[in-house]
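Numbered from 1 within each chain, the chains take letters A, B, ... in sequence-line order.
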Protein chains: 2
Amino acid sequence: VNYPGNVKKNYQKEITYGNRGMTLESMINEANDYYLKEDIAVIYKKPTPIGIAKVDYSNMKITDAYFKEPSTLDYNGLYKGCYIEFDAKETNSKTAFPLQNIHKHQLDHMHRVLNHQGICFLIISINNEYYVLPGLKLLEFISTTTRKSIPYEYIKQNGYEIKYNYLRGLDYIPLLKRMDDRL
Amino acid sequence: VNYPGNVKKNYQKEITYGNRGMTLESMINEANDYYLKEDIAVIYKKPTPIGIAKVDYSNMKITDAYFKEPSTLDYNGLYKGCYIEFDAKETNSKTAFPLQNIHKHQLDHMHRVLNHQGICFLIISINNEYYVLPGLKLLEFISTTTRKSIPYEYIKQNGYEIKYNYLRGLDYIPLLKRMDDRL
């Protein structure tokens with residue numbers, strides 16, 4: 001994982017994996033806050049996985065710790081009794097989404113979630129547009145190609161575009177109906 | 001939160017909230033590993049919520065951080081398409097489970113999960129026995145009393161005892177069928 005050196009002040013408030021994901025993350029957080037407030041869905045960002053090496057017990061401060069690689073996706077929760085899990089991914093490329101952004105463990109996890117009838121997807125930010133890409137479409141793409149990135153056109157054709165709304169944030173829940181008959 | 005000072009070496013591997021919860025946690029982890037391996041359910045412990053104050057970017061080490069109060073429960077995932085969320089709680093008292101072990105935010109969260117048709121419960125270790133206490137039974141108890149602890153008898157009558165199994169750990173999944181018709 002490549003952490004840019006110039007995002008120090010972001011870490012003061014909350015950890016983000018580089019500044020790329022930040023705007024996307026805050027737009028998703030806005031939507032999740034809206035869902036909670038309006039009692040539409042219950043979806044949280046999981047805490048960043050951190051390994052702790054040293055704790056100062058006099059004041060319960062952690063003085064030595066490190067980032068761990070996530071084996072699941074960043075967000076999960078429930079909507080209409082259904083299990084929801086997704087990750088937010090941003091790319092600067094205008095033509096394709098690089099697959100190196102997704103770890104092998106995370107792909108295995110997506111397989112499992114889908115097998116157990118969970119609703120699993122990515123929210124991809126590309127070309128200043130935002131797409132829900134169903135987990136099934138992602139796994140299908142990977143299983144039928146050796147390409148190292150997903151073309152923008154594939155995302156456009158197989159994903160559902162989310163429009164940012166200043167009251168509701170990146171309101172992705174309505175699009176999930178198109179992915180699952182239960183919703 | 002009271003962190004005993006003599007558990008330093010536990011922190012080398014993985015953070016635990018004091019050594020009380022440790023045995024219970026490892027027995028639950030065994031069950032979750034078994035469920036993953038046998039493809040029965042997909043349930044993970046969430047990372048401990050940590051606030052990060054300082055990062056050394058030369059080696060990506062976290063040099064200053066602190067424990068945050070959790071607003072959700074520690075474990076979640078899915079089983080047969082249903083959303084599962086629970087917390088593991090241990091008490092040394094033989095007569096009652098102290099409610100101060102559960103934060104207000106967590107109770108609010110349990111309410112929401114149940115309203116959205118999630119399956120929500122506690123796994124309580126008391127008197128060397130282990131019980132699944134349904135969230136609804138917990139919330140009912142709290143709403144009808146001003147007591148600061150749940151009597152052992154209430155847990156026995158309204159919960160389901162889990163027996164530890166050396167192959168499957170604290171195999172709680174079969175007991176959930178009694179809590180929900182969908183399972």
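For residues 137-150 of chain A, heavy-atom neighbours of chain B at less than 4.5 Å comprise no residues at all. Residues of residues 110-128 of chain A that come closer than 4.5 Å to chain B, counting heavy atoms only, are A:R112, A:V113, A:H116, A:Q117, A:G118, ordered by residue number.
Note on B:Y130: it clusters hydrophobically with B:Y34, by side-chain heavy-atom contacts below 4.5 Å among ILVMFWY residues. A chain of hydrophobic side-chain contacts below 4.5 Å, direct or via other Ile, Leu, Val, Met, Phe, Trp or Tyr residues, connects B:Y131 to B:L99. Residues B:L176 and B:I155 fall into different hydrophobic clusters, defined by Ile, Leu, Val, Met, Phe, Trp and Tyr side chains chained together at heavy-atom separations under 4.5 Å. Note on B:I173 and B:L175: same hydrophobic cluster, where clusters join Ile, Leu, Val, Met, Phe, Trp and Tyr whose side-chain heavy atoms are under 4.5 Å apart, directly or indirectly. Hydrophobic clustering, with ILVMFWY side chains joined whenever heavy atoms are under 4.5 angstrom apart, groups B:M27 together with B:Y75.
No other option in A:L78, A:I84, A:V42 has as many heavy-atom pairs under 4.5 Å with chain B as A:L78. When the candidates B:D39, B:D56, B:L36 are compared by the number of heavy-atom contacts under 4.5 Å with chain A, B:D39 comes out ahead.
Heavy atoms of B:T63 lying under 4.5 Å from chain A belong to its backbone as well as its side chain. Only the backbone of B:K80 comes within contact range of chain A, with at least one heavy atom under 4.5 Å from a heavy atom of that chain.
Residue A:S71 comes nearest to B:Y44 through the heavy atom pair OG-CE2, 4.2 Å, listed as atom of the first residue, atom of the second, then distance. Listed here is the closest heavy atom pair of B:P47 and A:P49: CB-CA, 3.8 Å.
Pairs of residues two or more places apart, or lying in two chains, that qualify as salt bridge (charged side-chain N to carboxylate O under 4.0 Å, His left out) and include a residue from residues 163-172 of chain B are B:E161-B:K163, B:R168-B:D171.
For the atom pair CD1 (A:I62) and OH (B:Y66), the distance works out to 10.0 Å, reported to the nearest 0.5 Å. We find the NZ-NZ distance between A:K46 and B:K45 to be 13.0 Å, quoted to the nearest 0.5 Å.
Side-chain atoms of B:T48 and A:I52, non-hydrogen and from C-beta on, never get closer than 4.5 Å to each other.
The salt bridge (charged side-chain N to carboxylate O under 4.0 Å, His left out) search around A:K89 returns none, not counting sequence neighbours.
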